[in-house]
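Inspection log for the structure reproduced underneath, given as structure tokens.
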Amino acid sequence: MSQWKNFSKGFFKENAVFVLFLGLCPTLGVTTSAINGMGMGLATTFVLVMSNLVVSLVKSQIPDKVRIPSFIVIIASFVTMVELLMQAYVPALFEQLGLFIPLIVVNCIVLGRAEAFASKNNVFSSIIDGFGMGLGFAMALTILGGVREILGSGTIFGLNLHLFPLDADGNPTTMIVFVLAPGAFIALGYLIVLINKINKKSAK
Amino acid sequence: MAKRESSFLNMVLTLLMITFIASAALGYLYELTKGPIAASKLAKLNNAITQVVPEFDTIPSSEIYKMGVDGDTLVFYPAMKDSILVGTAVSTFTNKGFSGYINLMVGFLPDGTIHNISVLEHKETPGLGDKMTKKKSDWSVQFNGKNPAEFKIKVTKDRGDVDAITASTISSRAFCDAVDRAYKAYMEGGKK
Amino acid sequence: MLKTFPQGGVHPEEGKYSANSVIETLPLPKTVSIPISQHIGAPSKAIVAKGDKVKVGDKIAESAGFVSANIHSSVSGTVVKVDKVLDSSGYKQTCVIINVEGDEWNEAIDRSADLKKEISLTDKEIINKINESGIVGLGGATFPSHVKLSVPDGKKIDVLIINGVECEPYLTSDHRLMLEKAEEMLIGIQILMKALSVNSALIGIENNKPDAISHLEGLVKDYPGIEVHALKVQYPQGGEKQLIKALINREVPSGGLPLNVGAVVHNVGTAFAVYEAVQKNKPLFERVVTLTGKSVAKPSNFMVRIGAPVTELIEAAGGLPEDTGKVINGGPMMGKALNSIEVPVVKGTSGILIMPVELSSRKKESDCIRCAKCVSVCAQGLEPYLLNKLAQLERNDKLETEGVMDCIECGSCSYTCPAGLPLLDYMRLGKSRVSQIIRSRKQ
Amino acid sequence: MDYLIIIISAIFVNNIVLAQFLGICPFIGVSSKVETSAGMAGAVTFVMVIATIVTYLLQKYVLEAFGIAFMQTITFILVIAALVQLVEIILKKVSPTLYQALGIFLPLITTNCAVLGVAILAVQKDYNLMESVVFAVSNAIGFGLALIVFAGLREQMDLVNIPKGMKGVPIAFLVAGLLALAFMGFAGLV
Amino acid sequence: MNKLFISPSPHVYEDTTVKRLMYDVVIALLPALAISIYFFGMGAIIVTLTAVVSCLAFEWLIQKFILKQEPSITDGSAAVTGILLAFNIPTSLPIWIIIVGSLVAIGVAKMSFGGLGNNPFNPALVGRVFMLISFPVQMTSWPVPTGFNNSYTDAVTGATPLGVMKEGIGAGESMSAIMDKIPSHMELFYGHMGGSMGEVAAIALILGLVYMLYKKVIKIHIPASIILTITVFTGILWLINPESNADPLFHLLTGGVMLGAIFMATDYVTSPMSVKGMWVFGIGIGLITVSIRVFGAYPEGISFAILIMNAFVPLINSYIKPKRFGEEVKNG
Amino acid sequence: MSTTILFTIISLCAIGSIAAIILYFAAQKFKVFEDPRIDQVEEILPAANCGGCGYPGCRGFADAMVKADDLSPFFCPVGGNETMAQAAEILGKAVEAKDPLVAVIRCSGSPTHRERVNTYDGASSCTITSGLYSGETGCQYGCHGLGDCVDVCDFDAIYMDEETGLPVVIDDKCTACGACVKACPNVIIELRKKNKKDRKIFVSCVNHDKGGVAKKACKVACIGCSKCVKVCPHDAITMDNFLAYIDPNKCKLCRKCVIECPTGAILEINFPPKKVKTETQEIPKVKAPKAETPANPVGEKDSKENDNNKNQEG
Ligand SMILES: Cc1cc2nc3c(=O)[nH]c(=O)nc-3n(C[C@H](O)[C@H](O)[C@H](O)COP(=O)(O)O)c2cc1C
Ligand SMILES: Cc1cc2nc3c(=O)[nH]c(=O)nc-3n(C[C@H](O)[C@H](O)[C@H](O)COP(=O)(O)O)c2cc1C
Ligand SMILES: Cc1cc2nc3c(=O)[nH]c(=O)nc-3n(C[C@H](O)[C@H](O)[C@H](O)COP(=O)(O)O)c2cc1C
Ligand SMILES: Cc1cc2nc3c(=O)[nH]c(=O)nc-3n(C[C@H](O)[C@H](O)[C@H](O)CO)c2cc1C
Ligand code: SF4
Ligand code: SF4
Ligand code: SF4
Ligand code: SF4
Ligand code: FES
């Protein structure tokens, strides 16, 4: 497999969110806006790349029976690092993402990639794979966040789009549902349909 | 490269190694980030204080005093300029929000007039209750410059003077509740 | 309040146009083709060959097992051939084709018109006689009657139920029979009671035949143990499970037979045939057939020899209407559409119904709207909408647990479905698949 | 009364799946049949309660005692992973029937954020041990309720004519969305 | 002779069709429509027309261009959805919001599942709840019933009786004081109150119920079980403390209970199939409705209650079955 | 080193070691052996889970193969010989190559040949129709044309030809899984040997009626005249109850019977055109080069119609 393919599969063909349906909790939980989605995506990418790197480095040193616990410890360490770093340098975003940062640890993509890819491939491929999957995940979250932000708040990356009529108090009448739980599910459902269609078209 | 066998010793050793390295690295990173984390928390606090009280030249966060009210504590941050008290920021709370706990920073002038209010923490619904924050709407501006002695901190529905956020009476009530609590505590004994 | 069964049921338009037509004897046809399989169970074996001469009442095919029935010639004449001919099953079946020559009856048959009341035979002899005479249930299922009468050891029957419900719209053959041959039928019932050694028989008749009810009520006084019960008009009351429930409030267990609750059900026509066989020595070779339909010139009831072509009946009733769209063997709810009108009348033919074109096609089909009408009309307490879907998806295990085998194929669900879904069609498909599975499991 | 509030809040108002977005992967993945969902719900309840108790003790007597609360994530997940394995082993020995019923779900639970999430939330909310347990049980019930109702809906989806493009996961999300919409009615109930 | 038709039995059919059922529902809704127009005037007409037209249009467009099916808007179900959607919203709602609501009702709640018969949730209610949550301000500005007038979005608005009650109780007023601010029960009965356009007149809705029962469109079980449960539940609360709980009749006549119980909970597609199931469904709706009204944030809860119970319908259907003939005997 | 770091290390290591010890005992005590070859074999199987092999799903098949001593009863129709060879290699056992098969439709009774005498108005299912009666035509054996076979094919290898009302198999897509054979209530579909050029000769009729009856119902029926039996040089044709059958194992594709059949019931498919009896042909034979299966179904249909330039001499 060429490295480019290795990298790009994470965007469409094996996109974690739209195709593999993994890591759904953060996907739904934090995407009230594009910027939150992107932040979460990048944080996950960091963990993914680093854990892929470390796992592929130490893979031969780890006995099979403790493979999973070892991987979990490695991943959890990087998650904690992200937690600490974000708390220190981007506290606002950290507060927004809240519980979902520690939950990166149980994000099936991270462990899944460590298991399925990094523990079988060399360091370079593993890093590329991590970047591809991670950025694909980040892209998915940003798109979902963007859609929900546009419909639910009438803005994108905080930029007012002036899509919705203003009410008596001068606030835009947006479809609040989309920043709430039901909107997350519904928006993701339709996005998956759309991506499926695109994937099918491009496959031809 | 041959895989290591899953013998007891190997397993324990491997895990031990990994946990050792991991914890050492984390511990180290924690030490490194401890400072910045504390700093950023402080910065947030100071920022909130600065927003709600007139200009000052002391460090209010270093002169705090506390008061237990309704099962929780209110924290007072007096702000001085030229050694005269120009205002006091009160970190107050309510549990009556639509989604429970709301944490406000209310700035009082020495006579009890509200100078400004900022929301520290809330879980109210986006698009509804979250209009109490300045980022979302100017609703909370109506408190500025009002003295609760003559301005009744209750929503109009409860025969007060506060116009509730449309469709979010509950959040508005809670907000008033927190401000009122701060005001009462401040007047009762919080003034030093 | 009138008795009826408690759950489900529909009430289609009755259309009993021929209720007042006295039973006429159909003129002898020129040829008859008599299928050798007219009953549930093993097809009989033909015992005549091309060129043989037969008389009315001669046995022409022999029962091929316990659940099987003899077939008798309905005419006198020469066997032309024994060949595959399209019959009312919609398939080509082996038939004995006889050229009619005169009307010469087997000598053993008592052709006199007098009523013979006393029953001389013992129960065993009666059952043998019935078996010998090729009597099968004339209520539609054509199940060999002697089988039902041979109660297995250890089972106890305490009541005989006579099915005079005729809940099928349009059909009137049982109705006319109850009016015109009531005494014979009652004697037949006594014979059946004797065969089963029971001393109680209940005749269930729907309330839309008040003349039959009062006629029989007048007569039963002379027949101890026999009672007449009027029932509320409600399809499928004629189904034996529903009838038993309505009359004696016993519930035949799922997968069980009436004899599990101590009852045996026979049709009024069967009772009449039993009378003729036992008292008059006359095997089953003719029966009453209703020929009716909205556009039929002369809706009638005929006494017809088995094997006579349906076309002859149609001629006798005024010819095939212009607007014919469908010809049905039986009633509109359970009858079978014929793919040709050349087919012969068989023992199970209780009526021929001719539907005009505009009533011949089904409703337009759309998705199930889950209106639950099918559920509420199902007398067996099933959920047709679900079974329909499961049958389409071939979810056979689920079909079985959802009770598809309990379906009595009454058609009430399809009748009522506003979305025009072919529920019963798929139910049958499901039933056949599931019964295959059950059978293979038993092996 | 406090317990009642915790219970109603966790089951209906802030349902862990429909409002908090935890445990979505099994919610979408293990919900095609009501029976399997019930099994999964049982397994999650089991693990969630034990994990909450253990992590509570760990938090109070190790992490906070030593001032290393930042190690929460890593220790909790380690403990949960080990616990799931342990439960599996014990169950196999003690109650083979229960193991038969729950066994296949146990490995799935390690990577279920609901368990870790509830453990962390219980700590964040400053509950005492008893409250934490009630909180865990209620959340597990909330999870089970959502999962089973959702599985029922998905079983029905198998029997109706869903348009081609919507079949499978998209329709599942849509149903989940509408379910969440319906559950918003419980808002403010506590 | 024509070619003979062949089909499996049965060969006769009842003349009810889906279309007929739907138009019977439309007819049953007309009295309530008339009363709404009488009380709310022009707004009622605009809102109803917008909702019906956009529901029909969306259904047609989606079938034609997205699903590529033969459009089936003549079956009347989209029209029913449209009317019921209109009945569930205030008559001063801006047109664009109604259109969004119709799109959600038809596009999301109905056609995404394959159209009539396939949707698990009541489309009109999904549309309404979506709007209620998204546009709470507009969705809770209730025009005051004034008798026919020409005002639309500029109508004078006021609170619904339930809103008044919720506010009053929230502010600690006593029930008798609150009742003084609310129209009398008689007025509630014929619809002189603020609220969604179609829910106000209990009498018109009951008329519709009688018509549908007569035409055998619906069975009585669902409306009966809902109304009974609400009566019993609120009755108990009222007996416990009549000063902080309204009487059962008030609960029945206000808000959408009648509309919901008669027209929306009875939607075939989204309600259980067996009679026992219908009772469970109705009792569930009653309990949830009162819980939301009395303990929840919303003054009215029937929409949510119906949607929540819609979600339980598949479970009800698979575990609460009609009694099978011959079943007990087999088990015994 | 600060105490925090120390505590961190101690507690985490302690937890880690405890976990490791527990896991070790777990590993010791509860070993479950599953033959790893099952996974390997499953991996090479096509994962169509069609059941064509007679086992519930591909894994079931793999499991059975691993357990069996002899692979000869096993065959995966979808993967074919190649897959079986791979499986054999993994398992170290031998398999014989099986001839590839393809489904053929043994009925040519399109409306032009077989008059419709009734109108069916029931559920659209061949099985339901056949339970009811013999079909819309005088032939009670032939195709009902309601497409049960199309519905069951997991590989989209059959479609209904709108004009003839008969199913058509797309040879390239057909995996010979046999699902359609099982689904057809009239046993019209047969799996026949597939040779390199996809050439086949077979009797496209299942009518057991006597000649006259058969011919009356359908112009292209096999009338049981036995001419083909006599002319076949390889003894490949047998006659059973007025119906000829060509044994695919004996047939050498010499095409003699095709010319001989008076009704044209014998089809030859994918042969170059032949200049005999052209004048009696109903459909001119246009021999298009065998097209690759195009991706879209419309295209498939076109190419298929070319493939089926049958010798229909009626
Ligand atoms: C999902 C949801 C979230 C809500 N969030 C809030 C909120 O954050 N704050 C609030 O005051 N009301 C909120 N409400 C609305 C309340 O339920 C209630 O309708 C309102 O506060 C009282 O009505 P009023 O303000 O129009 O008088 C929310 C409603 C829902 C359905
Ligand atoms: C739906 C349904 C309706 C039936 N209706 C009648 C009927 O109206 N009259 C009748 O004699 N048998 C009817 N039968 C047949 C009876 O169930 C039963 O087979 C018959 O009465 C037994 O009598 P026999 O063996 O003498 O025919 C019906 C069966 C079913 C399933
Ligand atoms: C396999 C089989 C065995 C039966 N055995 C008996 C029997 O032993 N006794 C009996 O009274 N009826 C027996 N019946 C007849 C049924 O009770 C019933 O009358 C018959 O199936 C026709 O009923 P229907 O017209 O309601 O369908 C049997 C039926 C079948 C199919
Ligand atoms: C008695 C009855 C009640 C109905 N109620 C509703 C309703 O509340 N909301 C709605 O959108 N459609 C309703 N419909 C129309 C239709 O059934 C509904 O749109 C389906 O859910 C669409 O699949 C009703 C139809 C009937 C016959
Ligand atoms: S009667 Fe027809 S539409 Fe109604 S539930 Fe049954 S199958 Fe569905
Ligand atoms: S055509 Fe028949 S044998 Fe061929 S793949 Fe399809 S179902 Fe299987
Ligand atoms: S070949 Fe068989 S299954 Fe296929 S359409 Fe014809 S009859 Fe039906
Ligand atoms: S005669 Fe042969 S070719 Fe013609 S329809 Fe019958 S089976 Fe098919
Ligand atoms: S991300 Fe939460 S369960 Fe998978």
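Here the structure is a predicted model, which is why all the values come from computation and not from measurement.
Contact of C/Ser360 with chain F is made through the backbone alone, with heavy-atom distances under 4.5 Å. Of the atoms belonging to F/Asp151, not a single heavy atom falls under 4.5 Å from chain C. Interface remark: C/Asp83 contributes side-chain atoms only to the contact with chain F (heavy atom separation under 4.5 Å). For F/Ser124, the part lying under 4.5 angstrom from a heavy atom of chain C is the backbone only. Both the backbone and the side chain of C/Lys92 have a heavy atom closer than 4.5 Å to some heavy atom of chain F. Of the two parts of C/Ser89, only the backbone, made up of N, CA, C and O, holds a non-hydrogen atom closer than 4.5 Å to a non-hydrogen atom of chain F.
At least one donor-acceptor pair under 3.5 Å links the side chain of F/Asp121 to the backbone N or O of C/Arg362. Side chain of C/Lys336 to main chain of F/Leu132: a donor-acceptor pair is present (N/O by atom type, distance under 3.5 Å, no hydrogens or angles). Within the 3.5 Å criterion, the main-chain N or O of C/Gln93 finds no donor-acceptor partner in the side chain of C/Asp87.
Using bins of under 30°, 30° to 60° and over 60° for the plane-to-plane angle, the ring pair F/His208/F/Tyr141 lands in the perpendicular bin.
Proximity of F/Ile237 to F/Cys257: side-chain heavy atoms (C-beta onward) are separated by under 4.5 Å at one or more points.
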